[in-house]
Amino acid sequence: MEFFCYHRDRPGSLPLRQELLQEHWSYMDRYAREMIARGPTFAADGTTPTGSVHIVDLPDPAAARAFAFDEPNYQAGVYRDVLLRRWRNMLGRTMWDFPGGRTDGSRYLVLGLGAEPAAEPAPPADRDVLIAYGPLLSDDGTARLGTAALVRAPDPDTARAVLAADVHAVVEVHEWEFGGRRT
């Protein structure tokens with residue numbers, strides 16, 4: 001089962017986040033084989049972290065909850081909240097398989113949240129801009145509650161356009177970058 005996990009930072013938690021960086025990475029290393037995508041989101045200044053995205057393939061919802069809530073930054077109070085949803089990998093690849101690579105262009109997390117569950121629209125035709133794309137689902141995986149996409153785009157407005165506005169009540173766009181240890 002695939003899960004989308006977005007930990008949103010608590011205001012003022014940057015020093016604690018920095019202090020726990022190695023502990024966070026060590027924790028995530030335990031899930032390296034299960035990772036579909038990962039990385040931090042940033043404020044408009046492009047440098048201040050605002051959250052952390054992890055898309056993982058885990059055995060069941062209990063394993064996903066343990067992944068999200070046992071995470072060192074969560075345990076220490078870095079995060080103010082967690083969005084944890086079932087997710088479906090509509091591209092069938094990981095971020096490491098993305099043809100645009102790790103550093104080519106600006107990257108964004110685009111979250112579309114629906115007012116009511118609806119049928120998932122097909123991914124945009126231009127898959128070369130999509131790093132990850134899939135529906136956010138109910139706990140039992142039967143109802144679509146929104147869409148999460150990681151996108152390469154020249155600007156936030158172009159990234160936002162990846163999701164159909166008429167399908168989502170709210171669309172959030174966050175600067176994002178490939179995460180993990182630099183090797």
Side-chain angles (χ1 to χ4, degrees), residues 1-14 16-42 49-97 107-120 130-151 163 168-174 176-181:
M1 289 181 182
E2 297 158 332
F3 295 88
F4 174 86
C5 181
Y6 183 32
H7 293 94
R8 295 179 196 250
D9 285 15
R10 185 175 46 81
S13 65
L14 181 57
L16 183 56
R17 178 190 254 271
Q18 291 170 330
E19 178 183 323
L20 294 169
L21 185 61
Q22 290 303 320
E23 198 174 331
H24 166 78
W25 280 352
S26 293
Y27 181 81
M28 291 304 159
D29 287 347
R30 295 173 24 201
Y31 295 92
R33 291 187 4 204
E34 293 85 1
M35 282 290 168
I36 295 167
R38 66 183 288 189
T41 57
F42 295 93
T50 59
S52 193
V53 172
H54 296 93
I55 304 175
V56 290
D57 189 355
L58 296 169
D60 54 46
R65 283 189 293 280
F67 168 83
F69 298 110
D70 291 346
E71 195 276 340
N73 286 337
Y74 179 81
Q75 289 292 312
V78 170
Y79 303 129
R80 72 169 185 196
D81 60 53
V82 179
L83 172 62
L84 179 63
R85 286 281 174 223
R86 292 269 305 269
W87 187 78
R88 187 177 338 55
N89 188 348
M90 302 285 287
L91 302 178
R93 67 178 184 219
T94 71
M95 73 179 200
W96 297 276
D97 301 321
R107 317 303 181 148
Y108 299 92
L109 163 64
V110 184
L111 289 174
L113 305 171
E116 296 179 23
E120 179 66 24
L130 299 175
I131 299 161
Y133 183 93
L136 297 169
L137 303 168
S138 61
D139 289 346
D140 66 3
T142 62
R144 183 195 156 282
L145 305 174
T147 306
L150 298 172
V151 179
L163 299 187
H168 302 95
V170 174
V171 176
E172 299 178 12
V173 179
H174 306 270
W176 173 84
E177 72 177 29
F178 275 56
R181 297 181 192 273

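Remember, it's a predicted structure, so these values are computed and weren't measured experimentally.
Here the CG-CG distance, from Leu16 to Leu21, works out to 11.5 Å after rounding to the nearest 0.5 Å. Taking CD of Glu172 as the reference point, atom CG of Leu113 lies at 5.5 Å (rounded to 0.5 Å). Between the CE atom of Met95 and the CD atom of Glu177 there is a distance of 9.5 Å, given to the nearest 0.5 Å. Summarising the geometry, atom CZ belonging to Phe67 is positioned 7.0 Å from atom CG belonging to Leu58; distances are rounded to the nearest 0.5 Å. Here the straight-line distance linking atom CH2 of Trp96 with atom CD1 of Ile36 works out to 9.0 Å at 0.5 Å rounding. Note: Met28 CE to Arg30 CZ = 9.5 Å, rounded to the nearest 0.5 Å.
For Asp97 and Thr94, the side-chain atoms include at least one donor-acceptor pair closer than 3.5 Å.
For Arg38 against His24, the heavy-atom pair with the smallest separation is NH2-NE2, 4.1 Å. The two residues Asp140 and Ser138 make their nearest non-hydrogen contact at OD1-OG, 2.6 Å. Summarising the geometry of Met90 relative to Gly134, their closest heavy-atom pair is CG-CA, 3.6 Å, with the distance given to 0.1 Å. In plain terms, the two heavy atoms of Leu163 and Gly112 that are nearest each other are CD1-N, 3.4 Å. Nearest heavy atoms, Arg144 versus His168: NH2-NE2, 2.7 Å. The shortest heavy-atom contact between Tyr6 and Gly51 is CE1-CA, 4.0 Å.
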Hey, mind stepping through Ile131 and Tyr108 against side-chain contact (heavy atoms from CB on, under 4.5 Å) and telling me if it holds?
-> CA-CA 9 Å; Ile131 299 161; Tyr108 299 92; over 6 Å; no

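Sorted by first and then second residue, the side-chain hydrogen bond (donor to acceptor under 3.5 Å, both in side chains) pairs involving residues 50-59 (not counting sequence neighbours) are Thr41-Thr50.
With respect to Trp87, the side-chain contact (heavy atoms from CB on, under 4.5 Å) criterion is satisfied by exactly one of Thr147, Leu136, Leu137: Leu136.
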Counting only pairs under 3.5 Å, give me each side-chain donor-acceptor contact of residues 77-86, with atom names and distances, residues two or more places apart or in other chains.
residue	atom	partner	partner atom	Å
Tyr79	OH	Asn73	ND2	3.1
Arg86	NH1	Asp139	O	3.1

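For the pair Glu23 (side chain) and Pro72 (backbone), a donor-acceptor distance under 3.5 Å is absent.
Listed by chain and number, the residues in a salt bridge (Lys or Arg N to Asp or Glu O under 4.0 Å) with Glu34 amount to none (sequence neighbours excluded).
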